[in-house]
Amino acid sequence: MGSLTRAQEVAVDDGYSSDAVLYVNGVRRVIPDDLAHLTLIQYLRDIGLTGTKLGCGEGGCGACTVMVSFYNQHLKKTTHCAINACLAPVYSVEGMHVITVEGIGNRQLGLHPVQETLAQAHGSQCGFCTPGFIMSMYALLRSSKTPPTEEQIEEYLSGNLCRFIFYKDLADKFVCPSSGKPCSCRATSVNGCESPVVSTTHGRQQKLISFSDVDGSSYIEKELILPPELLLRNPMPLHLYGLEHVLDLKHRYPEAKLLVGNTEVLISVTHVPELNKLSVTENGLEIGASIRLTELQNFLKKVIGERATHETSSCKAILEQLRWFAGKQIKNAASVGGNICTASPISDLNPLWMAAGASFKIIDFKGNQRTTLAKDFFLAYRKVDLTQNEILLSVFLPWTRPFEFVKEFKQAHRREDDIALVNAGMRVFLKQEGVNWTVADISIVYGGVAPVSFIALKTERSLIGKNWDKHTLEDALLLLKDDIPLTEDAPGGMVEFRKSLTLSFFFKFFLCVSHQMNEKVQFTEGLHVNHQSAVMPYSKPSFNGTQCYEMTKEGTAVGLPMIHLSSKLQVTGEAEYTDDTPIPPNTLYAALVLSKKAHARILSIDDSLAKTSPGFAGLFLSKDVPGSNKIGAVIHDEEVFASEFVTCVGQVIGIVVADTHENAKLASRKVLIEYEERLPVLSIKDAVSCGSFHPNTERCLVSGDVEWFMSGGQEHFYLEPHASLIWTVDGGNEVHMISSTQSPQKHQDCVAHVLGLPMSKVVCKTKRIGGGFGGKETRSAIIASAACVPAYLLKRPVKITLDRDVDMMITGQRHSFLGKYKVGFTNEGKVLALDLELYNNAGNSLDLSLSVLERAIFHSENVYDIPHIRFRGQVCYTNFPSNTAFRGFGGPQGMLIAENWIQRIAMELQRSPEDIREINFQSEGSVTPYGQELQNFTLRQVWDELKVSCEFSKARDAVDHFNINNRWRKRGIAMIPTKFGISFTTKAMNQAGALVQVYVDGTVLVTHGGVEMGQGLHTKVAQIAASSFNIPLNSVFISETSTDKVPNASPTAASASSDMYGAAVLDACEQIKARMNPIATKLGHCSFTELARACYFERIDLSAHGFYITPDIGFNFRDGKGTPFSYYTYGAAFAEVEIDTLTGDFQTRTADIVMDLGHSLNPAIDIGQIEGAFIQGLGWIALEELKWGDSNHKWIRPGNLYTCGPGTYKIPSANDIPTNFKVSLLKGAPNPKAIHSSKAVGEPPFFLAASVFFAIKDAIIAARAEENLSEWFPLDNPATPERIRMACVDDFTRPFASPDFRPNLSV
């Protein structure tokens, strides 16, 4: 074929337009020539469309979701699909119409029905991820000709993550199952309760809602269409006109990579016709290399419906594997050929191509074609059988024959949108010989066990010609044990688990084939009914969610389920976060220079290469700090910039500023640092053995006379990463900043300290933050402290936004804990004494670790009355980044250890854990180990109501019946109580201030010291102000949190903010009302606006500062007695789970929660907090595992965090939520200790997810009973598939691990 001739080149050039055009929200834009380095999200945000958020940068969170529309030449129709803007190069969408959240509706012109529905149905909390969810659902509605099914909704939301929202509740809020239109999904029924009790049930009756911001009339039902220009322009300037052009470019640039959906450079072949063919032939399917995975899914569904069943076994296997392959946005962009040619050893599809006998057609630049079998294509790690001048043209998938079976397998940390730990493709062709069926051909291919997809050749060869029976199964399992090449030091670890999966998968395959054969013919190896659970396909029943609460209204707003005040800003993308703030002129961007060693001395720092980097404006180190280089949350034990020693990987050594964010990062990587390494401490056990503790952190609590348990850490994974914008004012005399922080006062204090300025000259403002959970309480301050140095010295604004991997690596997580206990009890199960040692992993600075340890001690008895206790604890110093606050603040770790010994007692006595709990419950008037008397103790009411709601006895019988009849799937249940103390345990922090201002038009501006981070704080506070003044809620406005309005504010933490700031605002309102009362008496009946204006003319001060301190609290560890908490929030949860004992996979079938929240200030927000906390807790106890480079994970570099992004760290997704979910608020239980008889809600529900953990353990107990194992066994959290599988001891684990095997955990 050769290169293009000159005449051909001219013809091609003549057909091209001179401009590269795309449309954004209906506006035509010409893409300049110099933007090849930009992704679509960078382009969109640079042109001011900041509704599209950058959450992770790797397509794992969905915050950047946009919809693209284009005319599909192959399908001959306009296509609408959701994609990740963070992965798409801006040039890849040339000739397309990009629609962002701003393009579908706004508050001025009216909200789109999808936006309005989500806002009205309480579907947005912090709001950072909300635009991504909106755009995923919008793309579904635009691309679907029929009302979406529940399965489609779940698929389209699978690529979106959220730390706040209860996913399935969110899905129901989008679309009415009966009409396919947006709906309220808020059916109301009394369910035997007296009004005003509200029971909200999702998935039942729905009513359509108004679609506008005001009255339902302003929204015009006109969608943005594909601009006609994009239909008429053909070809597009950046689109290759055909295969000939591709091959010519590949010949000219042999190193270039072909691109369909992703990120590298890059010849885009998305629109090349020859690479986009899908055809059905007599012998099989021809699949073009550029076919996107979504197209392949749709094609396979069609083929399966049209062809004979026996022909499509491979198609069904591939289709099922694609179901869990990735989020919808990824599948809309990724191609078949791209997945093949990256040659990933954990590719989900490559083992199936190989097992199914697929072949790959390859073409070179001359047009020469050759074909190779898939099994011969993968040569080595990331190396395939392609020369530089060749490309993959297509894949041929042959039809399967009668009695030929293909099956897919995959096990990951999380079922949905996760990379495999181990996967497999298996195929067998059986032939009848007399009464027997023999193996005529077989393929067994595994992923995740070798550098390439691995063929078990020895096993395959041995099985050919053998009968398909139990003897062959036994032989195969013996052969596979030695055939799989996993060594002890294999990358990825979990070797015992991964090896056991290889056997489990083949066992499942054998049973699956036997089961299918039994359906076709009279097969002697038919499946026993008890074994059918091994081959049950995964299915999830329709979701059913119920919310039950009592509305206790006070005034105009308190007690009502009002929507979040920012919800309509959030659903339209108009809500501003720190990174969205318009930047001042002359702004510089910052990137941190970080340590690469866990413990070392800095010998030299060479910045000569960095200085030559484009846009470089400066490197700032410890010597450049104007004031003090030492800061800290409690004590100043942390350097802003490491001066002589580094004590963890990720410690800040310096900060680079440049003209762009990318240039700053580039320059920071060019700073060369020479180290002298020292021995690091990399676990709690190491710290204890060598006495590595933070000074003065030993705590002891003793009351009366008086087994190691490990709890893993957890990443906050707030969707908005750390960010600050800092600038000087008045010639450098003042410093102002906007920061994503839970503690603006801490930023003000630290920046003033670092710059040597008085706090009165430093102002920190926070509008809202996209999640915090404790992670932005103290650790955000060191980011701002580093960025303030160049801003102050250069007198130029400096903006710093951490990339997701850096954020996760350096800012700390939930503390891991190690607990050692001895417990004494009677034969009846009454606990007599408890001796507990607790150690937490603080990292390389103290931060809040001592307070975390103290709260863990306070909660170590949970809800149980223990006559004699001795609690001892110490804070470990390790060479990891400093750990910090996280929702629960040590309480969940302490309570988890308590529930662990409760279950141990139950197993020793062969009694139900629930019985042991009830025997030991505290009661009204009980005294805690720290001397606080329990008042208004409602736990027994909560527990009894839950027991009735979940029908516990009936559930126990049903689970036992299921377990008797199913060998390889087991179910378990558990009920767990919680008692969470409300107050900061540091007495001085229990104070709050507020400023309330009434204007002459009758509107009210409220400013308080708390930060809105999605928990609805501003909404609740506004409700309190509105009810106090007896005015509508929309007459109250809260703008931002600012240190120059309310000074010395405590962090927004400890679940106490609504209590404290609500009371402070009420105090200010009451002051103003007292001044207004004489005028109101004179005027008689009048509106609030008239009263405000009259007061103005009478020169009445309409501004007041309110203040509140939490009364009657205080505790001193030296005395061991006191009242650390104002009151307690009580709750209990029931959970039922089902586990696959062969793989460790699990699903939560039911969760039922009852909580005492007094008289809720806003039941809709509070229930949202309960649901979100439960799902986040579910992540902690079952999914989210941090993996650090330590002695247990030698395949990771020492001190490095492996799980530093959504690709490796898995928070719960939509598929992980309970199938049946019920939340009820205890009725008739006012709380006399807080404002309007309410209770705090943020942290208390988190621990209730432990019900899932102990339900899993209950299921494992049933599995171990099958092997006659009844003794106690440890189960550490998180109870990942690895821990579940290895605890379910059987013939497939025994070759690799003993029954008491304990998988590695970074603590």
Side-chain angles (χ1 to χ4, degrees), residues 193-194 196-199 547-555 557-562 863 891 922-924 932-946 949 977-983 990 992 1010 1015-1017 1019-1025 1027-1028 1054-1066 1108 1110-1113 1123 1125-1133 1153-1174 1223-1248:
C193 302
E194 293 294 326
V197 174
V198 177
S199 176
Q547 302 170 346
C548 189
Y549 54 84
E550 180 180 49
M551 289 191 293
T552 307
K553 183 182 177 184
E554 293 195 33
V558 167
L560 297 179
M562 312 297 286
V863 297
Q922 294 164 325
S923 58
E924 181 73 19
Q932 180 164 346
E933 182 181 343
L934 300 181
Q935 301 172 345
N936 306 299
F937 185 83
T938 59
L939 178 69
R940 177 62 74 169
Q941 294 167 255
V942 167
W943 184 264
D944 290 344
E945 183 174 317
L946 175 65
S949 175
T978 188
K979 173 181 101 255
F980 196 87
I982 304 301
S983 290
N990 294 285
Q1015 83 282 43
L1017 174 61
T1019 305
K1020 289 183 176 181
V1021 168
Q1023 286 177 269
I1024 290 168
S1027 286
S1028 177
S1055 304
S1057 297
S1058 293
D1059 289 1
M1060 296 199 305
Y1061 292 113
V1065 167
L1066 184 60
Y1108 175 79
T1110 307
D1112 305 322
I1113 57 171
T1123 308
F1125 305 117
S1126 175
Y1127 64 89
Y1128 299 89
T1129 295
Y1130 300 99
I1153 296 174
V1154 177
M1155 289 208 71
D1156 169 20
L1157 297 185
H1159 289 170
S1160 172
L1161 295 173
N1162 185 320
I1165 283 177
D1166 284 350
I1167 285 182
Q1169 285 290 290
I1170 293 169
E1171 292 172 339
F1174 186 89
V1223 177
S1224 303
L1225 302 186
L1226 187 68
K1227 296 172 278 296
N1231 174 31
K1233 294 292 189 78
I1235 186 166
H1236 293 306
S1237 302
S1238 65
K1239 279 193 174 185
V1241 67
E1243 293 170 289
F1246 178 90
F1247 178 67
L1248 294 179

Heavy-atom side-chain proximity of Thr1110 to Met1060 below 4.5 angstrom:
yes

Looking at every non-hydrogen atom in both residues, tell me the closest pair between Gly1062 and Ile1024 and how far apart they are.
CA-CD1, 3.5 Å

Look only at the side chain of Ser1055 and the backbone of Glu1243, and say whether a donor-acceptor pair between them is shorter than 3.5 Å.
yes

List the atom of Pro1163, the atom of Tyr549, and the distance in Å for their closest heavy-atom pair.
CB-CD1, 3.4 Å

Run the side-chain contact (heavy atoms from CB on, under 4.5 Å) test on Thr1123 and Asp1112 for me, step by step, so that the C-alpha distance in whole Å, both residues' side-chain angles and the decisive distance to 0.1 Å come before the verdict.
CA-CA 7 Å; Thr1123 308; Asp1112 305 322; 5.9 Å; no

Side chain to side chain, His1236 and His1159, heavy atoms closer than 4.5 Å
no

Donor-acceptor pair, Gln932 side chain versus Phe1125 backbone, under 3.5 Å?
yes

Treating Tyr1127 as the side-chain partner and Ala1240 as the backbone partner, does any N or O pair qualify as donor plus acceptor under 3.5 Å?
yes

Ile1153 versus Ala1133, closest heavy-atom pair with distance
CG1-CB, 3.9 Å

With side chains defined as the heavy atoms from C-beta onward, is the minimum distance between Ile1170 and Leu1225 less than 4.5 Å?
yes

If you round to the nearest 0.5 Å, how far is OG1 of Thr938 from CG of Leu1226?
6.0 Å

Spatial distance of atom CZ (Phe1174) from atom CG (Leu1248) [nearest 0.5 Å]:
7.5 Å

Ignoring hydrogens and geometry, is there a side-chain-to-backbone donor-acceptor pair from Ser1027 to Val558 under 3.5 Å?
yes

I want to check something: taking the side chain as every heavy atom from C-beta on, are Ser1238 and Leu1157 in contact at a cut-off of under 4.5 Å?
no

What is the distance from atom CG of Leu946 to atom CE of Met1155, rounded to the nearest 0.5 Å?
11.5 Å

In the structure I gave you, are the side-chain heavy atoms of Lys979 and Leu939 within less than 4.5 Å of one another anywhere?
no

About how many Å separate OG1 of Thr1019 and CE of Met562, when rounded to the nearest 0.5 Å?
9.5 Å

Treating Ser983 as the side-chain partner and Ser1126 as the backbone partner, does any N or O pair qualify as donor plus acceptor under 3.5 Å?
yes

Test log, rule side-chain contact (heavy atoms from CB on, under 4.5 Å), inputs Lys1239 and Asp1156
CA-CA 8 Å; Lys1239 279 193 174 185; Asp1156 169 20; 2.8 Å; yes

For Pro977 and Phe1247, work out which heavy atoms get closest and say how close.
O-CE2, 3.7 Å

Lys1020/Asp1166 salt bridge by N-O under 4.0 Å criterion
yes

Non-neighbouring partners of Asn1162 that pass side chain to side chain donor-acceptor pair (under 3.5 Å), sequence neighbours left out:
Gln1023

For Pro1244 against Ile982, the heavy-atom pair lying closest together:
CG-CD1, 4.1 Å

Give a yes or no on whether the backbone of Phe937 and the side-chain of Glu924 come within a donor-acceptor separation of less than 3.5 Å.
yes

Begin with the C-alpha distance, continue with both residues' side-chain angles, and end with the deciding distance and a verdict on side-chain contact (heavy atoms from CB on, under 4.5 Å) for Thr552 and Ser1160.
CA-CA 7 Å; Thr552 307; Ser1160 172; over 6 Å; no

Do Gln1169 and Pro1245 come close enough that some side-chain heavy atom pair is under 4.5 Å?
no

To the nearest 0.5 Å, what is the distance between OG (Ser949) and CG (Asp944)?
12.5 Å

